[in-house]
Protein chains: 2
Amino acid sequence: MSPRPGSRRAVTVADIARAAKVSKATAARALGDYGQVSDAVRSRVLAAAEELNYRPNALARSMNTGRSNTIGVVVGDIENPFFAHAMRGISDVANREGYDVILTNSDEDVEAEQAAVDVLLDKQVDALIVAPASSARVGHLAAVGAAGRPLVLLDRRADGRPYDSVTVDNRAAAARATAELLAEGHRRIAFISTHDHPAGVYTPGDTITMSSVADRVAGVMEALTDAGIPSPEQNIRLDARRRGVEAVARDLLEGDDPVTAVIASDSLIAMTVFQTIRTLGLSIPGDVSLISFDNPEWTGITTPPLTVVEQPIYELGAAAARLALQRIHGERVDDAAVVFDADLLRRASVGPAPRAGAPVAALSETEGRNTP
Amino acid sequence: MSPRPGSRRAVTVADIARAAKVSKATAARALGDYGQVSDAVRSRVLAAAEELNYRPNALARSMNTGRSNTIGVVVGDIENPFFAHAMRGISDVANREGYDVILTNSDEDVEAEQAAVDVLLDKQVDALIVAPASSARVGHLAAVGAAGRPLVLLDRRADGRPYDSVTVDNRAAAARATAELLAEGHRRIAFISTHDHPAGVYTPGDTITMSSVADRVAGVMEALTDAGIPSPEQNIRLDARRRGVEAVARDLLEGDDPVTAVIASDSLIAMTVFQTIRTLGLSIPGDVSLISFDNPEWTGITTPPLTVVEQPIYELGAAAARLALQRIHGERVDDAAVVFDADLLRRASVGPAPRAGAPVAALSETEGRNTP
DNA sequence: CTGAAAGCGCTTACAG
DNA sequence: CTGAAAGCGCTTACAG
């Protein structure tokens, strides 16, 4: 006569204690593998547990120990391959140490992020890993420390706060990508990001609220300025989310003074730019050179394959989890601000800048089409 | 004098009760928003909570209510875009209803899956959504029901068990893809999957342990058989994980009787096949037609763009979460075995079968190369 | 090594 | 509507 689903009562320590004819404390000690228990009693208890199909209640255990063996993670969007890969890195390291991971998406919205952080804290996660939607609006993150739990920032820093973080040297990476284009003679180089910049257009001196994007813009600006390009900011576009990547790309490609090279801040943007270039009848890299951040496999099989800035994304997540675990265990932390390098992977989407005044459109007639 | 991190004691119901000069029960009622509380008392309690920065302990709450507001999810690998998208569907629906999601990767290993299920059950998740690594080895899933909690299978069924499930009609989809190729005159059509089939080669009558793959093979076999193709099983390859997709693709493409069309069981396989075809100097679809399961954005920008079987992956996850929630709430469930259709998206990677004996290699010299 | 008791932070009958 | 008490399933001092 099995109990109805939902009404079934779980087997508890008390049941095992009764079956093994010992006290609850002793049964619990054998079951939980702590304290002192004689071998004879232990095996009696474990036999009873086996017999009754005992399973510990992790919640009850956490209530006492104050440790939930769970790490909370807040990312922008798990559908984004960047976060999916980072998440795998986090999970692998966490699981290996006996921790589970609660995943939440913020959709890069600060309010949603705050709500997620609060709920995760309420659920007593032992640590929190978050990719903050804004490096400027980070006040709500103080709740993590106030609750006495470690916080590790993923991919983005928090302005003026010394939280642990694992990031990529985006400034250097962006500068390197820009230098690569400058070396090929490009002068009109665009950078496109979908990070929402309130001001619409970017003006030097502006604060860009997502540190990763801010760093990339700084790197591009730096390289451009060093090369003596006038008004280096004019082709930096941070309005691609609002206006749509295609519209922005068309602007840049079709204006009076069209760019000859584009740096895409992620591979989704690169994909749209790639298509837009095609649609306009232009060729890569004949008319336009293209570099993308991130290296999903497809970038290797397009025609031409894309030159990319490859970030060690899995490692980023793994390092964040490692840091969190160290903090949880109260270990000494050598480097509370881990910074990874990103490599420039040269493939075939970068070429010499087309000569000014060359009949670009004509050239592209034969080269720039899909051939289905 | 703030307490040291780690040693800080959280503010509890008892603290609030003391501050508001009411009993713990009353404070808890106001805080937890249940039972009866007078407006006057409620506002006094809430003011005290605000003042002391009270946050409920969700674990303690769960201990009493028996509900953790958490759903456990076990997928093969969150790095796989299929699961990343499904996960987003699950999260969105769950979060909207106030549930969090614990994510675990099984790496398609039954042992790891079982361990994950047990841990999630111990953590008192209110329901479990799992993509079982094997449709045959599912005994461990009985633990979910034994614990009185709902189980929903994602993407794959469990042989002979009536668990709730959300799947795609893979058989029909595979048959449709095959028919598309047959209609173009193809006779030697390959199907490649990385699902590990112990037997190595596929022989009609074999049991394929992952139901999604089994259904696809059945669909291909059915279409091929209906078309009167002899030995339709000869180009069905289930050894791609062990041997490597490229090696398998080369076999199929370079043998005495090379195939003229390939159906890839996922987009990662398609990517390698795509590259292999290129490497061999063959053209798509001139020499070889290619259809992939799944529709990641990159399949639209290759040259040529790929014809794909598009599965409603996000919806798959969302439906699984909806089902789980219905079961949690004890609602009536109309359809405990939700089956979605997958559409064939015609793009440009399918063309007429090349004439037998045509100088395939010569043709491809000029057509099949990357042009960087 | 073992047990009786108290406690983790809540919720839930049960009185009043 | 409010409160005192018991309880959720464990762990943790404290005795013995």
Side-chain angles (χ1 to χ4, degrees), chain A residues 6-46 48-49 52-69 119 121-126 147-148, chain B residues 6-46 48-49 52-69 119 121-126 147-148:
Chain A
S7 76
R8 66 164 70 23
R9 209 183 57 80
V11 177
T12 69
V13 166
D15 298 317
I16 305 303
R18 206 170 307 120
K21 304 196 185 312
V22 295
S23 70
K24 290 197 298 176
T26 298
R29 278 189 273 256
L31 259 12
D33 202 32
Y34 56 87
Q36 306 295 324
V37 197
S38 69
D39 289 348
V41 168
R42 184 195 321 283
S43 48
R44 222 164 68 224
V45 170
L46 295 183
L52 298 182
N53 224 300
Y54 171 77
R55 285 258 99 203
N57 181 325
L59 258 34
R61 193 168 274 179
S62 297
M63 283 280 300
N64 290 284
T65 61
R67 300 171 61 260
S68 64
N69 287 293
V119 171
L121 251 18
D122 293 351
K123 291 205 172 172
Q124 311 299 118
V125 294
D126 294 327
Chain B
S7 76
R8 68 164 68 26
R9 207 182 59 81
V11 176
T12 69
V13 166
D15 298 315
I16 304 303
R18 207 171 305 121
K21 303 195 185 311
V22 294
S23 70
K24 290 197 299 177
T26 298
R29 279 189 272 255
L31 260 12
D33 202 34
Y34 56 87
Q36 306 294 325
V37 198
S38 69
D39 289 348
V41 168
R42 184 197 319 283
S43 49
R44 222 163 70 223
V45 170
L46 295 182
L52 299 182
N53 225 301
Y54 171 77
R55 286 258 100 203
N57 181 324
L59 259 35
R61 194 167 272 180
S62 297
M63 283 282 299
N64 290 283
T65 62
R67 299 172 63 258
S68 63
N69 286 292
V119 171
L121 251 18
D122 292 352
K123 291 206 172 171
Q124 312 298 118
V125 294
D126 294 326

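By convention in this document, chain letters (A, B, ...) are assigned in the order of the sequence lines, proteins followed by strands, and residues within each chain are numbered from 1.
Remark: A/T26 pairs with A/V22, A/S23, A/R29, A/V37, A/V41 by the side chain to side chain contact (heavy atoms under 4.5 Å, CB included) rule, at least two apart or across chains. For B/R18, the side chain to side chain contact (heavy atoms under 4.5 Å, CB included) test picks out B/A14, B/D15, with sequence neighbours left out. For A/K24, the salt bridge (charged side-chain N to carboxylate O under 4.0 Å, His left out) criterion is met by no residue, not counting sequence neighbours. Applying the salt bridge (charged side-chain N to carboxylate O under 4.0 Å, His left out) test to A/R55 and every residue at least two apart in sequence or in another chain returns B/D122.
Scanning all heavy atoms of the two residues, the minimum distance from A/V45 to A/A27 falls at CG1-O, 3.9 Å. When all heavy atoms of B/D126 and B/G66 are compared, the pair lying nearest together is OD1-O, 4.0 Å. Across all non-hydrogen atoms, the minimal contact from B/Y54 to B/L31 is CE2-CG, 3.5 Å. Nearest heavy-atom pair, B/S68 versus A/K123, reported as atom, atom and distance to 0.1 Å: O-NZ, 3.4 Å.
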Could you spell out the base pairing of DNA chain C in dot-bracket, with Watson-Crick or G-U pairs whose two distances are under 3.5 Å, [ ] crossing and | to another strand?
|||.||||||||.|||
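A heavy atom lying under 4.0 Å from DNA chain D marks the following residues of residues 52-69 of chain B, by number: B/M63, B/N64. The stretch residues 19-32 of chain A touches DNA chain C through A/V22, A/S23, A/A25, A/T26, A/R29, each having a heavy atom within less than 4.0 Å of the strand.
Note on residues 31-46 of chain A: no pairs pass side-chain hydrogen bond (donor to acceptor under 3.5 Å, both in side chains), not counting sequence neighbours. Screening residues 56-65 of chain A for side-chain hydrogen bond (donor to acceptor under 3.5 Å, both in side chains), with sequence neighbours left out, gives no hits.
Taking every nucleotide of DNA chain D with any atom under 4.0 Å from a non-hydrogen atom of chain B, the first and last of them, 5' to 3', are D/dC1 to D/dG9.
Taking CD1 of B/I16 as the reference point, atom NZ of B/K21 lies at 13.0 Å (rounded to 0.5 Å).
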